[in-house]
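One structure is given below, encoded as structure tokens.
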Amino acid sequence: MECKSLYYWSGNKPVWPVHENPCTWEGELTRLQQLAAERMMEALKGKEKELLIWAVCGAGKTEMLYPGITEALKLGMRICIASPRADVVRELKPRLQHAFESVSVEALYGGSTDKEGTAQLIIATTHQLLRYKEAFDLLIIDEIDAFPFHADPSLPFAARRAKKSPSTTIYLTATPRKQQQILLRRKKLPHIFVPVRYHGHPLPVPQMKMTFSLKKDLRKNMPPAAFISWIGQRKNPGRQLLIFVPAISMAENLLHPIADVLLQEKVIEDRKKVDAVHAADPDRKDKVLKFRAKELTVIITTTILERGVTFPSVDVAIFDAGHEVFEEAALVQIAGRAGRSADDPTGEVIFFHDGKTEAMVKAIHAIKQMNKLGGRL
């Protein structure tokens, strides 16, 4: 807060442990994941200032980081993985602890139980970087295109201040913004591109479903008529269902009407199998965990679940996909929630709309382009 003093350490610089063999992850990287991992290690060893890893949703970005993090720990470096979203930080902590069992790991976000922030490997929201000055040899910023990182100048400032000099910054994204794409084209930002998911299957291409009565249905707090007809014709009714809506009030107001429709269509057998979640929800964390544990069959959500969360077998529906909240990057990320598991790589993604928007058309084009590029490799 502006009214509080900000202190920083001016004593001796800490010396971090050198780990001989810190990685306890036993998985294997695909050929393209390995190429990205090697490029990251090259940047680290060559003390390159920055590198962008552009990888499609579901490419396995976290696993690609393991060799680079291993290399940094062998060199006695301190590492931070920062993300604009607290949900991503919560999901990453157990994965990183499992992958690096002998290394101290802390996760920092609003409400986290970790408070000290003194571990060698820190996972944090980008807001938490305000706590650090010249602290990290390796800074990995996940989802650099996500709100609020791209919209709040204080966050890139905090990221720059948190790095040591010299240091290496790795940016991760599935949907680089225009500004980053310009830098890539001008060769001002070194990058590596991974256009294929780890399981090798293409990204699900969204379908657009025109719904003339969309606004009228939603005003009456009813799901769109086209959704009701689609729900009974899904290719795999056993999948869980993510329903994205543009506003918190809509998520709350649609909960009971959607539960009624799904009971009637026999998609669920108990209305407790449906819930709604949004950024202001105090039970947000528990609801996401319940959905992951399949205690919930359907979750109605705002864009808080557009990225950084993985569910193995889901279909995705967007109500009012033409709303301004659903910009191109958001639509690509939302579509990327489907088909993430090798056991079920073909989830359905449906844009329910009452008029195509440029964002919708561009998102579908971008996904098709990725699949085209991936098919050539």
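Checking His191 against Gln180 by side-chain atom types alone, no donor-acceptor pair falls below 3.5 Å. Using modelled atom types and a 3.5 Å distance limit, the side chains of Tyr198 and Gln33 yield no donor-acceptor pair. For Ser154 and Asp152, the side-chain atoms include at least one donor-acceptor pair closer than 3.5 Å. For Trp230 and Glu348, the side-chain atoms include at least one donor-acceptor pair closer than 3.5 Å. If you check the side chains of Ser249 and Asn253, you find no donor sitting under 3.5 Å from an acceptor.
Two residues are said to be in side-chain contact when any heavy atoms from C-beta on lie closer than 4.5 Å; Lys290 and Asp286 fail this criterion. Between Met64 and Leu172, the closest side-chain pair of non-hydrogen atoms is not below 4.5 Å. Proximity of Pro312 to Asp343: side-chain heavy atoms (C-beta onward) are nowhere separated by under 4.5 Å. Side-chain contact between Ile182 and Arg185 is present, with at least one heavy-atom pair separated by less than 4.5 Å. Between Glu143 and Thr175 the shortest side-chain heavy-atom distance does not fall below 4.5 Å. Counting only heavy atoms from C-beta outward, the side chains of His256 and Arg271 approach each other to under 4.5 Å. Thr301 is not listed as a side-chain neighbour of Phe291, based on a closest heavy-atom distance of 4.5 Å or more. Side-chain atoms of Lys294 and Gln240, non-hydrogen and from C-beta on, do get closer than 4.5 Å to each other.
Taking the six-membered ring for Trp and thresholds of 30 and 60 degrees, Phe193 and Trp54 have ring planes inclined between 30 and 60 degrees apart. Below 30°, between 30° and 60°, or above 60°: for Tyr66 and Trp25 the angle between ring planes is above 60°, a perpendicular geometry.
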- Run the salt bridge (charged side-chain N to carboxylate O under 4.0 Å, His left out) check on Glu91 and Arg85 step by step: do they pass? CA-CA 10 Å; Glu91 183 160 296; Arg85 302 287 177 95; over 6 Å; no
- Item | Derivation and outcome, side-chain contact (heavy atoms from CB on, under 4.5 Å), residues Val194 and Leu35 | CA-CA 9 Å; Val194 185; Leu35 286 173; over 6 Å; no
- Task: Step by step, work out the salt bridge (charged side-chain N to carboxylate O under 4.0 Å, His left out) result for Arg239 and Asp344.
- Result: CA-CA 9 Å; Arg239 289 188 189 120; Asp344 185 18; 2.7 Å; yes
- Query: Yes or no on side-chain contact (heavy atoms from CB on, under 4.5 Å) for Val205 and Val349, after CA distance, side-chain angles and deciding distance?
  - Reply: CA-CA 7 Å; Val205 178; Val349 182; over 6 Å; no
- Task: Go through the steps for Met222 and Lys216 under the test side-chain contact (heavy atoms from CB on, under 4.5 Å), then give the verdict.
- Result: CA-CA 9 Å; Met222 286 301 295; Lys216 187 178 163 189; over 6 Å; no
- Query: Would Ile367 and Val56 count as a side-chain contact (heavy atoms from CB on, under 4.5 Å) if you check the C-alpha gap in whole Å, the side-chain angles of each, and the deciding distance to 0.1 Å?
  - Reply: CA-CA 9 Å; Ile367 289 166; Val56 296; over 6 Å; no
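At least one donor-acceptor pair under 3.5 Å links the side chain of Glu106 to the backbone N or O of Thr118. Counting only distance, with no hydrogens or angles, the side chain of Asp114 and the backbone of Ala107 share a donor-acceptor pair below 3.5 Å. The backbone N or O of Ala119 lies less than 3.5 Å from a partner atom in the side chain of Arg78, making a donor-acceptor pair. A distance-only check finds no donor-acceptor pair linking the side chain of Asp145 to the backbone of Pro176 [under 3.5 Å]. Side chain of Arg337 to main chain of Phe311: no donor-acceptor pair is present (N/O by atom type, distance under 3.5 Å, no hydrogens or angles). A donor-acceptor contact shorter than 3.5 Å is absent between the side chain of Thr303 and the backbone of Glu306. With Asn371 contributing its side chain and Pro202 its backbone, the two residues share no donor-acceptor pair below 3.5 Å. Listed for the Tyr132 side chain is a donor-acceptor partner under 3.5 Å among the backbone atoms of Gly117. Side-chain atoms of Arg284 never come within 3.5 Å of backbone atoms of His278 as a donor-acceptor pair (strictly under, hydrogens ignored).
With values rounded to the nearest 0.5 angstrom, Thr126 atom OG1 is found 12.0 Å from Ile144 atom CD1. Note: Lys45 NZ to Thr168 OG1 = 12.5 Å, rounded to the nearest 0.5 Å. Separating the CD1 atom in Ile79 from the CG atom in Leu65 is a distance of 10.5 Å, to the nearest 0.5 Å. We find the CD1-NZ distance between Ile81 and Lys93 to be 13.0 Å, quoted to the nearest 0.5 Å. Between the CG atom of Leu96 and the CD1 atom of Ile123 there is a distance of 4.0 Å, given to the nearest 0.5 Å. A distance of 11.5 Å separates OG1 in Thr297 from CG in Asp275, rounded to the nearest 0.5 Å.
Cluster annotation: Val274 and Val288 are assigned to distinct hydrophobic clusters (Ile/Leu/Val/Met/Phe/Trp/Tyr, side-chain heavy-atom contacts under 4.5 Å, transitive). Residues Leu242 and Ile248 fall into different hydrophobic clusters, defined by Ile, Leu, Val, Met, Phe, Trp and Tyr side chains chained together at heavy-atom separations under 4.5 Å. Hydrophobic clustering of Ile, Leu, Val, Met, Phe, Trp and Tyr side chains at less than 4.5 Å, counting indirect connections, unites Met77 with Val103. Note on Phe319 and Ile231: same hydrophobic cluster, where clusters join Ile, Leu, Val, Met, Phe, Trp and Tyr whose side-chain heavy atoms are under 4.5 Å apart, directly or indirectly. Leu73 and Met41 are not part of a single hydrophobic cluster, where members link through side-chain heavy atoms under 4.5 Å apart.
Salt-bridge annotation for Arg39 and Glu42: present, with a side-chain N of the basic residue lying under 4.0 Å from a carboxylate O of the acidic one. Taking the charged nitrogens against the carboxylate oxygens, Lys285 and Asp87 have no contact shorter than 4.0 Å, which rules out a salt bridge. Between Glu328 and Lys178 no salt bridge is recorded (no basic side-chain N to carboxylate O distance below 4.0 Å). Between Lys272 and Glu295 no salt bridge is recorded (no basic side-chain N to carboxylate O distance below 4.0 Å). Note on Arg234 versus Glu265: no salt bridge recorded, every NZ/NE/NH1/NH2 to OD/OE distance being 4.0 Å or above. Here Asp320 pairs with Lys215 in a salt bridge; the nearest charged N to carboxylate O distance falls below 4.0 Å.
Shown here for Thr24 and Glu101, the closest heavy-atom pair between the two residues is OG1-N, 3.3 Å. Here the closest heavy-atom approach between residue Gln120 and residue Gly76 is recorded as NE2-C, 4.1 Å. The nearest pair of heavy atoms linking Pro224 to Leu214 is CG-CD1, 3.6 Å. Here the closest heavy-atom approach between residue Lys287 and residue Ala276 is recorded as NZ-O, 2.9 Å. The heavy-atom pair separating Lys163 from Ala159 by the smallest distance is CG-O, 3.3 Å. Residues Val314 and Ala338 come closest through the heavy atom pair O-CB, 3.8 Å.
With Ile53 as reference, Ile170 is the one residue of Asp142, Thr173, Ile170 to meet the side-chain contact (heavy atoms from CB on, under 4.5 Å) rule.
No more than 12 heavy-atom neighbours from other residues, nucleotides or ligands sit within 6.0 angstrom of NZ on Lys362. By the 6.0 Å contact criterion, NZ on Lys115 is enclosed, its count of non-hydrogen atoms from other residues, nucleotides or ligands being greater than 12.
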